[in-house]
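Read the structure below first, then the notes.
In listed order, ligands and their atoms are each counted from 1.
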Amino acid sequence: MTVRKSRTIRLGKTLIGGGRPPVLQTMITTPLDRFDDALAEAHRAYEMGCRVVRTAVRNEQDAGLLERFVGEFDGDLIADIHFDYRLALAAIAAGVAGIRFNPGNIGGKERVALLVEEAKKREDLAVRIGVNAGSLEKDLLEEYGAPTAKALIESTRRWVNFLEHELDYRNFKISVKSHSVAETIAACRAVASFSDAPLHVGITEAGGGVGGRIKSAVGIGILVQEGLVDTFRVSLTAPIEDEIVTGMHILKACGFLAGGGEIVSCPTCGRTHGALFTYYEKLERFFDEARWWLRPPLTVALMGCEVNGPGEAKGADLGLALGRGSALYFEKGNLVEKFTDQQVAFRHFLMSIRKRWGLEEN
Ligand code: SF4
């Protein structure tokens, strides 16, 4: 399989593409006119390690708040704009790191050209062009009868040609979105066949809960393996914190996080001694609260029996295997301590993780 390498573009302080690891981004849900809350939400994303944050710019009042937002936010802010090209012009002037718009609904080629001319004046500004069903050109709708994947790809090809060849502009990335995993993969592959512009990927309107996370992980994961993800967002019907944690799991599973914690845990069976599910839930909560992805590398194992547990998890740095009314604490598969109380053992296990990560006891 050929792994694609896109060209490099700059988005504020962030370099994107060129074989770099995918950059996770999110979109705050608080409207800009609730300025303090919106900024706090963006800060939370930043603190969690998500340095690129998008915000909806709905009107002139929102656009008027961007300069202050940019000044107070350490990450890279992308202004998300629909229909009104003047808002995009205001966002560029306000110093945002990126603007996202759909060329098909921003007012035609003239407006797009105007935006690109302004974008060109700032080397640190990236444009993201999006193509979706709602912004498809009339003639393509007539030709294809519906906003099919082929029609979306054809529209993307037109806009890429327009930006690259007629406007001589290359500091942009592309997104072709669908709520279907298969269609998203097909569309990204097709776009990659005619452009080396970085791709922004996500399964749009994926939903929430387990289903939304799985759809996102499958779609993004497959595309990552083909080098087709330069930036991505896990679009969930859930708070941005959930999006970011899921995104970090995707990066970890795809081998892009050098550090970070990892949990190995057995599925349980008839040999299990004790409430492994409960201990697992507590361990996972502890991991997320500790922001495992920001910590030094550490693999921990939580196993249901002492017969197979330590052996099956001997690659783990430290682990706990439940026994009959007991628990074994082990490191690298070697027994360190046997406990006769599982809850005491579990507390010791968490404390050992804390120590490895240099976290204070709470
Ligand atoms: S580690 Fe033990 S309890 Fe867990 S699945 Fe394997 S045999 Fe069963």
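- By the criterion of a separation under 2.8 Å, the protein N/O/S atoms near atom 4 (Fe) of ligand 1 amount to C266 SG.
- At least one donor-acceptor pair closer than 3.5 Å links the side chain of Q342 to the backbone N or O of S326.
- In this structure, L359 and A290 approach most closely via the heavy-atom pair CD1-CB, 3.8 Å.
- Using a 4.0 Å cut-off between a side-chain N of Lys or Arg and a carboxylate O of Asp or Glu, D230 and R7 do not qualify as a salt bridge.
- Checking side-chain atoms of E123 against main-chain N and O of R10 turns up no donor-acceptor pair under 3.5 Å.
- In this structure, R128 forms no cation-pi arrangement with F101, as its terminal cationic atom is not both closer than 6.0 Å to the ring centre and no more than 45° off the ring axis.
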Atom pairs and distances, donor-acceptor, side-chain atoms in residues 245-263, under 3.5 Å, two or more places apart:
from : atom 1 : to   : atom 2 : distance (Å)
T246 : OG1    : D242 : O      : 2.7
K252 : NZ     : G259 : O      : 3.0

